[in-house]
Number of protein chains: 2
Amino acid sequence: MPKVTKKELKRESLLNQGVTMLMGQGYHGTGLQEILNAANIPKGSFYNYFGSKENFGAEVIQHYIDPFITQLAAHLQQSETDALSAIRRYFGELIVELEKNEFKGGCLLGNLMGEIGDSSEICRKSLQFAVGRYRDLLQSGLAKAQQQGTVRSDKTTEEMADLLINTWQGALLRMKIEKSSVPAKQCCKNLLEDFFKP
Amino acid sequence: MPKVTKKELKRESLLNQGVTMLMGQGYHGTGLQEILNAANIPKGSFYNYFGSKENFGAEVIQHYIDPFITQLAAHLQQSETDALSAIRRYFGELIVELEKNEFKGGCLLGNLMGEIGDSSEICRKSLQFAVGRYRDLLQSGLAKAQQQGTVRSDKTTEEMADLLINTWQGALLRMKIEKSSVPAKQCCKNLLEDFFKP
DNA sequence: GCTTATAATATGACCGGTCGTATTAATGCG
DNA sequence: CGCATTAATACGACCGGTCATATTATAAGC
């Protein structure tokens, strides 16, 4: 595989810092300069990597969801675990991470949907694409679980995946203001261990 | 009842404009000047009504939830309707309003939880209080419905109210980026007409 | 391979503007 | 006229983005 250039390293550093800071302070609450300071990149250089802050935001969104998709896919690919258990384990791991992080941040997708979902068309589309990618993977996991007989068959897996994602998003918002992982745990218990069961 | 003073009128106008603009553009995406222009109030006067932008934000949050609580309470007080039907009708009305508004804005509580839930302690507490008020009212409605035998009794009404609010919040975020009320409708269908049923 | 010219890339000072808040001035009322 | 209230103005900081310039990379000729 081709060697990663210095430019690509810097670009990725910007994206990583962008994820961290937009999660903590939101899109408009975070100035470019703060991100550039953290990534040690001068202002003028930023525009070699990204056309604008808005374009940068759209790419931060994709950069954010990538590891979640990788992690969920890895769970689903484990052949010795049934799909529903894989999904439960995946969310279990997320909850452990959120507790470690003292309930801060939540989900960047949810945060930005709320903040700039109406005001940035570029970011709205990036969010829609990211949520779609994530939801499609969850849906394929639920479909597998249906085949394995561990999930109810009278509801479409699209609808169940949507419900799961929406409830999870709402639970993470509650988590932030109540500083507790109880909402996230209840989401998993009520849907994955109750409502979705045959 | 005492006559409403001019000062109170101006204060309420600021809060109304604040709700509208924070919904559309978020907290940090909306400057005070924009709100003051819309309310026709000079910059210096703002500080007669509110100690800071942050305090203003916290009061906008309470001002935002008040009519929802009033509307839901009115539904629940109608003696000729059972509680579950009242809740369904309430959410049905919200969906109609959201469709009329072309799926913009969503829920200010959800938006601000995501954007400033970690960065403003004053607003976090206001959000927590507002969500608590709303949830408690929903919980009392679900408790009534349990008494009437229209809602399952093997789950606490606190937990069901939490699940309903969290899923609704997540559904409204999806609504914004997909410009569709389907997520909100699915939330009601799956929870109020399925999962919560005895 | 070295030197020079050219092209590409990187950069930080600067721009015009707005920010939230503090200070000062003006106005209204008893 | 004095005090309270309201409003105008000022302030220091920061915003996203631009651009003239500096630096680095590449190409061409010998």
Side-chain angles (χ1 to χ4, degrees), chain A residues 2-15 17-61 112 115-116 118-124 126, chain B residues 2-15 17-61 112 115-116 118-124 126:
Chain A
K3 193 175 164 188
V4 172
T5 67
K6 209 157 170 171
K7 176 166 182 172
E8 280 157 351
L9 282 176
K10 286 182 171 179
R11 191 176 196 280
E12 180 155 356
S13 173
L14 279 169
L15 291 171
Q17 294 296 345
V19 164
T20 300
M21 291 188 169
L22 298 197
M23 274 236 274
Q25 301 155 192
Y27 179 84
H28 288 294
T30 309
L32 275 183
Q33 195 55 62
E34 198 174 354
I35 298 169
L36 296 166
N37 290 348
N40 219 16
I41 288 173
K43 187 65 132 351
S45 299
F46 175 82
Y47 293 88
N48 289 328
Y49 306 110
F50 304 98
S52 66
K53 185 186 181 187
E54 199 175 8
N55 284 349
F56 173 69
E59 299 217 35
V60 162
I61 285 159
L112 294 185
E115 186 190 350
I116 57 178
D118 284 333
S119 51
S120 167
E121 183 63 10
I122 294 173
C123 292
R124 185 192 70 83
S126 185
Chain B
K3 194 173 163 188
V4 172
T5 67
K6 208 157 171 172
K7 176 167 183 173
E8 281 157 350
L9 281 176
K10 286 182 172 180
R11 190 177 199 276
E12 180 154 357
S13 172
L14 281 169
L15 289 172
Q17 294 295 347
V19 165
T20 301
M21 291 186 170
L22 298 198
M23 273 235 276
Q25 301 156 193
Y27 180 85
H28 287 295
T30 308
L32 278 181
Q33 194 56 63
E34 199 173 354
I35 299 168
L36 294 166
N37 289 347
N40 220 16
I41 288 172
K43 193 73 145 329
S45 298
F46 175 81
Y47 293 92
N48 293 326
Y49 306 108
F50 303 98
S52 66
K53 184 186 181 186
E54 200 175 6
N55 285 349
F56 173 68
E59 299 217 33
V60 162
I61 286 160
L112 295 186
E115 184 189 352
I116 57 176
D118 283 333
S119 51
S120 167
E121 184 63 10
I122 293 172
C123 293
R124 186 190 70 82
S126 185

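What you see is a predicted model, and the numbers here were worked out from it, not measured in a lab. Below, read A as the first sequence line, B as the second, and so on, with proteins coming before strands; counting in each chain starts at 1.
- A:Glu8 has its CD atom 13 Å from the P atom of C:dT9, to the nearest Å.
- For C:dA10, the OP1/OP2 oxygens have a side-chain nitrogen or oxygen of A:Asn48 closer than 4.0 Å.
- The interatomic distance linking B:Lys7 (NZ) with C:dG28 (P) rounds to 17 Å, in whole Å.
- As judged by a 4.0 angstrom heavy-atom cut-off over every strand, A:Lys43 is placed among the base-contacting residues.
- Listed nucleotides: C:dG20, D:dA7, D:dG16. Nearest to the side chain of B:Lys10: D:dA7.
- B:Gln25 and A:Ser119 share no donor-acceptor pair across their side chains, judged by distance under 3.5 Å alone.
- Nearest to the side-chain atoms of A:Lys53 among the listed nucleotides D:dA8, D:dC15, D:dG16 stands D:dG16.
- When only modelled atom types and interatomic distance are considered, A:Asn37 and A:Gln33 share a side-chain donor-acceptor pair under 3.5 Å.
- B:Phe46 comes within contact range of no nucleotide atom at all, as no heavy-atom separation falls under 4.0 Å.
- Rounded to whole Å, atom P of D:dG17 lies 17 Å from atom OH of A:Tyr49.
- The backbone N or O of B:Ile61 sits nowhere less than 3.5 Å from a side-chain atom of B:Ser126 that would complete a donor-acceptor pair.
- At D:dT6, none of the side-chain N or O atoms of B:Ser45 fall inside 4.0 Å of OP1 or OP2 (strictly under the cut-off).
- Contact between B:Lys7 and B:Tyr49 at its shortest, heavy atoms only, is CG-CE2, 3.4 Å.
- Within the nucleic acid shown, B:Lys6 has no heavy atom closer than 4.0 Å to any nucleic acid atom.
- Proximity note for A:Ser52 (side chain, C-beta onward) versus D:dG17, C:dG20, C:dA10: the nearest is D:dG17.
- The nearest whole Å value for the distance from the CG atom in B:Leu14 to the P atom in C:dG20 is 13 Å.
- Following rounding to the nearest Å, B:Arg11 (CZ) and D:dT5 (C1') show an atom-to-atom distance of 16 Å.
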